[in-house]
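Right, one structure below, let's go through it.
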2 protein chains.
Amino acid sequence: MAATIRDVARLAGVSTSTVSRALSVPDLVNPATRAKVRSAADSLDYAPNKAARGLITGRTGNLGLVLPDLANPFFPSVVKGVQARARAADLAVFVADTDEDVAAETGLVRALAQQVDGLVLCSPRAGADELAKIAADTTVVLLNRLVDDLPAVVFDHADGMRQAVAHLVALGHRRIAWVSGPAASWSSEQRGQGLAQAAADQGVELVEVGHFPPHYDGGMAAADQVVATGATAVITYNDLVAIGLLARLHGRGIAVPDELSVVGIDDIAMAAMARPALTTIRLPKERAGRLAVELLLTLLDHATAADEPPVRRVLRGDLMVRASTGVPPR
Amino acid sequence: MAATIRDVARLAGVSTSTVSRALSVPDLVNPATRAKVRSAADSLDYAPNKAARGLITGRTGNLGLVLPDLANPFFPSVVKGVQARARAADLAVFVADTDEDVAAETGLVRALAQQVDGLVLCSPRAGADELAKIAADTTVVLLNRLVDDLPAVVFDHADGMRQAVAHLVALGHRRIAWVSGPAASWSSEQRGQGLAQAAADQGVELVEVGHFPPHYDGGMAAADQVVATGATAVITYNDLVAIGLLARLHGRGIAVPDELSVVGIDDIAMAAMARPALTTIRLPKERAGRLAVELLLTLLDHATAADEPPVRRVLRGDLMVRASTGVPPR
DNA sequence: CTGAAAGCGCTAACAA
DNA sequence: TTGTTAGCGCTTTCAG
């Protein structure tokens, strides 16, 4: 069906190698023949077969993105960032949603690894050793996770927590609750530690309420425990949790922010749509996706060279204070 | 790095052809040798190179999914359905978000077409002729769009509208507003027509308010026009629009559902989280994704045969009436 | 039931 | 600057 390099060669009256060169290393061929080849290729609507090319160059021109749950609005943003950068480099992106399942994650990674040049693992759930093993065979960039010295793009969670605490302290809060995410979550751990540090530095009391699933239901479940802590403000693992919390608080007739201030993390679109609008720490999600691909491309270029490429990017988030939130505690 | 079929052949003491057969057409080889090959393959952690296989079989083992906007929660659900079914058939999925851009859509489709066995075009924005052209070169299944006789999975929008109207009529509404989606949107068109029919059948007055972007901002923008119609109930193009509408109504101090009943379409997770919870028509999104792949697989199998495969699936949605909604008009 | 040989579409030495 | 040759990793005739 599709034209092959031979069809183009025949039509242009040259050899297949010349066609190949004319199209991928134009400077190596005579401008005249180059033009002939080009027009022949155009008229046949020829596009080189990526699989065949990959077989010989070792580059597939594809890239894999593995993430835990597309239903969490955090991740589509990352996908967009990754795709934007990948497209600019003429790479196609395999996306794999693991449904928060570690086993599925490693399986998918193995399946993808063989047909991509590199992999972006977004908030991977797998263990450190597992990830190290994967990284041994494949070029990998972690996104929102740090493991050994693996290349990674991460957010400065500690700084985000610092901002959140500063905001709450300025409003007069002195006792803050922290709703942590999944026990095995690297970012929950980071956020928790950053928060503990910030609380200590800024002289406020911190109560952890622990380990909830990273979505709406988790927040629903956490709400009552949060209330029981007697804290006047709460910071949640992410916005989805915050929104679930808001719902349960509303159900119990607890006014937000008058009786309890709520701060989320991520700044998903829904945060602005919630009523009252959710105060949150905005993470540069798309940018993180773009940078992850950027990093991957660098690594691929330096693959053979022995020099150390830059291997880690840390991105800062920003406090988003929204209308109708941020009332001092009673 | 990775083991090739030759490594396996050497280790098992057989030819590469035997390895190939033992792994892909096991019945053709002696059980004893089959076992030898299997264990050799296992110990080398061998997996056949998909690109090389594709070169000869003409099957890539990949599948493309093109959609307008991952940020709309409707689409991640479809992605999940597609991935689930694809995974079961051992296919990897390229996902391409076009950002609602028709030009980007056709470009991405062309780029993907060459390296997939088939394409699922979800709510495609491209023109009918464009799509027909694409379908001429590639096996394509449309999702939520009908064009000529192209294979498709669609929702029964007319029936959904019938249910929505029946619900509102039962509550006593006699004048309903319709907030339509993008002018070029097939599903908006379908929903509008279905609604018009339902309104006529059930004897209620319908006022269209027109053509808004299919997201939150569209709903915000539509709200004032809706109010101006004097309708006691409104049906919106989708849930995102409904939620935007809700926000603006809240801003204007208009009580929902007491002063205005709002019905969305899709049943995205956010619909249940909204306050008041949104009444909506639930569309079987994941199922649609699964069926689209199913259909694609059927088409691929029948590719050469001349017999007509089943080529269209129509899925019914269901009314989701949520707590605190559904009050008769004043 | 198994092996040898050919070749999918392409690129990369190596010559000319 | 261009063509010839070889071969990426695999499957598939075609013999045996």
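Every chain is numbered from 1 and lettered A, B, ... according to where its sequence line falls, protein lines coming before strand lines. Hydrogens, waters and symmetry mates are skipped; everything else that's a heavy atom, side chains included, is used.
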Take the protein atom [atom1] of [X] and the nucleotide atom [atom2] of [N], then report the distance between them rounded to whole Å.
X	N	atom1	atom2	answer
R34(B)	dT2(C)	CZ	C1'	14 Å
L28(B)	dT13(D)	CG	C1'	13 Å
N49(B)	dC10(C)	CG	P	16 Å
R6(A)	dT11(C)	CZ	P	12 Å
Q115(B)	dG9(C)	CD	C1'	14 Å
I5(B)	dC10(D)	CD1	P	5 Å
L23(B)	dT11(D)	CG	P	8 Å
L55(A)	dC8(C)	CG	P	13 Å

If you check the [X] side chain, which of [options] turns out closest?
X	options	answer
A52(A)	dT2(D), dG9(C), dT11(D)	dG9(C)
S20(A)	dT4(D), dT11(C), dC10(D)	dT11(C)
N30(B)	dC10(C), dC1(C), dT11(D)	dC1(C)
R21(B)	dT4(D), dT13(D), dT11(C)	dT13(D)
I56(B)	dG9(C), dG3(C), dT11(D)	dT11(D)

Handout entry: Any donor-acceptor N/O pair under 3.5 Å between dA4(C) base and S17(B) side chain
Key = yes
Handout entry: Sugar-phosphate only, base, or nothing, as touched by T4(A) at under 4.0 Å among non-hydrogen atoms
Key =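 Sugar-phosphate, backbone atoms only, no base.
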Exercise for the section: Kindly compute the distance separating CG (D69(B)) from SG (C122(B)), expressed to the nearest 0.5 Å. Expected result: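 Reported to 0.5 Å precision, the distance equals 11.0 Å.
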Handout entry: CG on L296(A) to CG on L143(A), rounded to 0.5 Å
Key = 11.5 Å
Problem - Exam field: side chain N144(A) to backbone V154(A), donor-acceptor pair closer than 3.5 Å - result: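 Absent.
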Exercise for the section: Would you indicate, yes or no, if dG3(D) has its OP1 or OP2 atom less than 4.0 angstrom from a side-chain nitrogen or oxygen of T18(A)? Expected result: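 For dG3(D), OP1 or OP2 has a side-chain N or O of T18(A) closer than 4.0 Å.
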Practice task
Look at T33(B) and dT2(C) and indicate whether a side-chain polar atom (N or O) is within less than 4.0 Å of OP1 or OP2.
Solution key: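 Checking dT2(C) against T33(B), a side-chain N or O does come within under 4.0 Å of OP1 or OP2.
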Practice task
For the residue pair S17(A) and S20(A), confirm or rule out a side-chain donor-acceptor distance under 3.5 Å.
Solution key: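 The answer is no; no qualifying pair exists.
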Problem - Where G64(B) and L112(B) come nearest, the two heavy atoms and their spacing - result: CA-CD1, 4.3 Å
